[in-house]
Amino acid sequence: MGKRGAKKKDISNILSGFRDDEGNLIPILQKIQKKLGFISEDSVRQTARYLRISENQIFGVASFYSQFRFNEPGRNSIKVCLGTACHVQGGQILSEAVERDLGILPGQTTEDMRYDYEQVACLGCCALAPVIQINDDIYSRMTVIRLKETMDKYE
Amino acid sequence: MNDYLKIKESAARKWEALNNSKVPVIYIGMASCGKAAGSPKVLDQIRETLANNNLKAKIIQVGCIGPCYLEPLMDIRLPGMPRISYANVIPALAGRIVESNLLKNDPMPKLAIGYFGDDPKGYAKGIERFFDLPMLKPQVRIVLRNCGFIDPGEIDHYIANEGYDAIFNAFRLGPEGVINEIEKAGLRGRGGAGFPTYRKWRICRESPGKQKCMICNADEGDPGAFMNRSLIEGDPHAVLEGLLIAAYAIGASIGYIYIRAEYPLAIQRLKKAITQMRKYGFLGKNIHRSGFDFDIRIKEGAGAFVCGEETALIGSIEGKRGMPRSRPPFPAVSGLHGMPTIINNVETLGTLPNILREGATWYTQFGTEGNRGTKTFSLVGKIRRAGLIEVPLGMSLRKIIFDIGGGTVKPFKAVQTGGPSGGCLSEEFLDTPVDYESLGAAGSIMGSGGLIVMDEDTCVVDLARYFLNFTQKESCGKCAPCRIGTRHLVEILERITKGDGVAEDLTKLQTLGETIKRGSLCGLGQTAPNPVLTTLKYFRPEYMMHVKDKHCEAAVCRELIEYRVVPGKCTGCQRCVDVCPTGAITGPRSEIHNLDPKKCIKCRACYEICRFDAIAGDAIIIRSKRGAANE
């Protein structure tokens, strides 16, 4: 958590694209995350000022939804699908293998910023379970052995 | 209407031109499932093969046709010949198939899985009709009729296939007429609860309010379900036309599509389709001189299962935490920003154009009394033929799982309907007709359409723990029965799967589950205990085994299993020694290896490599500890 929000980035051009209406909070957060890769503390402060609502309220909304992350993402993102189809085909074992290999928990980023890691409820490729996603690439019918080889391919 | 006739004529010409194309047409499935299976690489290869041989062909990127287990799917149609479909096409194979068809007029029947259309010249000799395949034959494709056939990025393809005819029929009938027609058709909400669509609409139509709002719920949150995604990706205009019809019926001028941000391709398809609608005059003021004004906005959901619940979804659009509120007032009376609001599921909307095009009487021929029409399902899990299917309501689970799905490889054990809110049904329910009432009577629900099939390698206690863990995390926390109750259910189930359960735990699960069902505010809590209650009811001996014998028959529950080397089969190849992350397996080459259970973390690496390299085959086994003790 130490690094988060370290770099201050101006998000006023994102904010000015929206009316200062509370109903725009989620789209604003989505845009911020698209630009910064995560919701930094500083961006919450700026949004709170713009929408004239409390930072707490923003954190309340942002933490409610699984899409938003509060840690700076790594150079690569790995997502392990734990949807039902993937679960019955061994998705949990894959996520443990990722945790063991990277030494981090879901939602965290490795020290060297090489990988961030998330568990997701369903990538919608249930017929090809179990699946993992690294950046935009989806790997289907994954095994523990192939997982390690696949992860090694990304620097 | 005159402008529309022009649009229709030009669309028909475009479609004709494609069907009578002088150059070969290559279709490739580029829905999310196809892409995951590798269709983008296949597409690259097709382009390369065409370029290398100086060949001309039209490439059409289509949506999902259903049999996801056959992805990537590629189809080829030579001029005047039927369209021939090829499955599990890896890039190298794609090149060969294209060359064979285009250069040698040889459809390679052994590699083909089916053909579409007529085959007067016998080109497809030795190939079966696609829709006669066992997976397809029992299906009735109404909602999915265009998926896999039209280019979802082309509004003209949709229009040429009688698209947007239904909205003009709706204009002729008038709003009341549309509601009556839907009442006659007997359509019930496809989002899960099965509430009669017309009734909700009528309440909303009659509610006072200057502005009304029509929302499409595309927040498909059930893990293991992807019907709505496939429909939007494969035929976005069907859903949008449905939204238009519904809005017209209730008198809404504002429309929203609330869709999961995790569905980028579906969002992209919708955005493109909405632009096309606007261009063709289907959005805006006085749509095709009907006096009806309507516009659509897309709201990307940020990932919360509970937002499938109507009032939570509305809260989320308003920029708040998606927490349900108590009803009444129902959204149909007071919804988004206080406007009378109707929320319909993607599939419900996708059905509407079909009913208004063909008529309610036509629609009622499908399904059974009180359960009219068809339903799409994502058929997944331990099943041979996984994919997206559409069947008339009332078909038995047996027919769906065994005739369409081809059954399981290992003996069938259970099927979960309705996702995390549904129930787990055992073999004795296989002849249950799939309709809202029968599934409800069995303790499950229809839900939005996830069907997860399990074989004897699935532990139902573990499955119940999995689902409860999911609903517990997704509980919004507003009401105590759901927030605290689901948490306790998970704790008890975890105890049982770890072998620390006691007999009283089963009674606790039962009473707690029933209390949560009765006491929760919204559908999430009211259905969350279903997986526990149904597995307790239909698989009690399996719970008892975990509790009393500390035995997991399916060899799934981590603390109750162990990995062992089978001395007779181990060749001492050392592959497992190399992959073991904890050094639990030791042994010199060519000697039987030793697996130290104290060091083993049960990561499955050795088990996989043993099969993968097949030097020793299955020398490492996973089994219940009790099995070991009995040896």
Side-chain angles (χ1 to χ4, degrees), chain A residues 21-30 33-34 51 53 57-58 60-68 79 81-94 96-97 100-101 119-129 131 133 136-148, chain B residues 32-33 35-38 67-69 71 220-226 229-230 261-263 299-305 316-323 337 378-382 386-388 416 419-420 450 452 454 457-458 463 466-467 470 474 476 579 581 601-605 608-609 612:
Chain A
D21 171 19
E22 197 188 319
N24 290 326
L25 176 56
I26 293 171
I28 289 174
L29 290 172
Q30 284 169 330
Q33 177 146 311
K34 210 169 206 173
L51 293 179
I53 54 179
Q57 191 180 339
I58 296 180
V61 170
S63 61
F64 184 85
Y65 297 98
S66 59
Q67 187 190 0
F68 301 115
K79 292 184 177 137
C81 182
L82 290 180
T84 317
C86 288
H87 174 79
V88 299
Q89 309 268 22
Q92 188 61 41
I93 287 176
L94 294 176
E96 281 166 24
R100 210 166 41 242
D101 200 31
Q119 294 177 340
V120 290
C122 192
L123 289 170
C125 315
C126 309
L128 309 165
V131 297
Q133 183 175 3
D136 287 330
D137 306 323
I138 289 183
Y139 295 94
S140 53
R141 301 192 177 110
M142 214 3 123
T143 65
V144 177
I145 308 271
R146 268 180 50 228
L147 176 71
K148 183 137 179 52
Chain B
S32 293
C33 48
K35 284 188 164 172
C68 303
Y69 77 109
E71 296 281 4
E220 189 170 50
D222 283 17
F226 52 88
R229 192 209 69 212
S230 292
E262 289 94 327
Y263 285 175
K299 277 272 175 180
E300 289 181 33
F305 178 65
S316 177
I317 295 184
E318 290 172 353
K320 301 177 192 140
R321 288 164 69 100
M323 292 165 80
H337 301 298
S378 55
L379 185 58
V380 295
K382 304 279 183 79
L388 171 70
Q416 172 89 13
I452 291 132
M454 290 156 265
D457 281 348
T458 315
L463 190 82
Y466 165 80
F467 281 126
F470 176 82
E474 294 293 338
C476 79
V579 297
I601 55 165
K602 301 165 187 175
C603 73
R604 206 163 68 171
E608 278 174 9
I609 200 107
F612 189 68

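Sequence lines set the chain letters: A, B, ... in the order given, protein chains first and strands last, and positions in each chain run from 1.
- Nearest heavy-atom pair, Glu22(A) versus Lys320(B), reported as atom, atom and distance to 0.1 Å: OE2-CG, 4.2 Å.
- Nearest heavy-atom pair, Tyr65(A) versus Ala302(B), reported as atom, atom and distance to 0.1 Å: CB-O, 3.3 Å.
- Annotation for Arg321(B) and Ser63(A): closest pair NH1-OG, 4.4 Å, computed over non-hydrogen atoms.
- Within the 3.5 Å criterion, the main-chain N or O of Val88(A) finds no donor-acceptor partner in the side chain of Tyr466(B).
- The residue among Ser32(B), Ala386(B), Gly224(B) with the most heavy atom pairs within less than 4.5 Å of chain A is Gly224(B).
- Side-chain contact between Cys476(B) and Phe64(A): present, with at least one pair of heavy atoms (C-beta onward) separated by less than 4.5 Å.
- If you tally non-hydrogen atom pairs under 4.5 Å between each of Ala85(A), Ala129(A), Ser140(A), Gly60(A) and chain B, the highest count goes to Gly60(A).
- Side-chain contact between Gln67(A) and Glu262(B): absent, with no pair of heavy atoms (C-beta onward) separated by less than 4.5 Å.
- The number of heavy-atom neighbours closer than 6.0 Å to NZ of Lys148(A), taken from other residues, nucleotides and ligands shown, is 12 or below.
- The candidate with the highest count of non-hydrogen atom pairs below 4.5 Å against chain A, out of Ile317(B), Ile452(B), Asp222(B), is Ile452(B).
- Ala605(B) approaches Val144(A) most closely through the heavy-atom pair CB-CG1, 4.1 Å.
- Taking each heavy atom of Cys68(B) and Leu128(A) in turn, the nearest pair found is O-CD2, 4.2 Å.
- For the set Val131(A), Asn24(A), Leu82(A), Asp137(A), the entry with the most heavy-atom pairs within less than 4.5 Å of chain B is Leu82(A).
- Remark: Glu220(B) pairs with Tyr263(B) by the side-chain hydrogen bond (donor to acceptor under 3.5 Å, both in side chains) rule, at least two apart or across chains.
- With a threshold of 4.5 angstrom between heavy atoms, Thr458(B) approaches chain A through side-chain atoms but not through N, CA, C or O.
- Using a 4.5 Å cut-off between heavy atoms, Ser316(B) touches chain A through backbone and side chain atoms alike.
- In this view, Asp457(B) and Lys410(B) satisfy the side-chain hydrogen bond (donor to acceptor under 3.5 Å, both in side chains) rule, not counting sequence neighbours.
- Contacts between Phe467(B) and chain A at a heavy-atom distance below 4.5 Å involve the side chain alone, from C-beta outward.
- Using a 4.5 Å cut-off between heavy atoms, Ala36(B) touches chain A through backbone and side chain atoms alike.
- If you measure heavy-atom distances from Pro581(B) to chain A, the contacts under 4.5 Å come from the side chain alone.
- The parts of Ala121(A) that come within reach of chain B are both its backbone and its side chain, each placing non-hydrogen atoms under 4.5 angstrom from that chain.
- If you measure heavy-atom distances from Glu318(B) to chain A, the contacts under 4.5 Å come from the backbone alone.
- At least one side-chain heavy atom of Arg100(A) sits less than 4.5 Å from a side-chain heavy atom of Ile601(B).
- The candidate with the highest count of non-hydrogen atom pairs below 4.5 Å against chain B, out of Leu25(A), Ile93(A), Asp21(A), Leu29(A), is Ile93(A).
- When all heavy atoms are compared, the tightest approach of Gln89(A) to Gly381(B) is NE2-O, 3.4 Å.
- With hydrogens and angles ignored, the 3.5 Å screen pairs a side-chain donor or acceptor of Thr84(A) with a backbone N or O of Pro223(B).
- Looking only at heavy-atom pairs under 4.5 Å with chain A, the residue among Lys299(B), Lys382(B), Glu71(B) that has the most is Lys382(B).
- With chain B as the partner, the residue from Glu96(A), Arg141(A), Gln57(A) showing the most heavy-atom pairs under 4.5 Å is Glu96(A).
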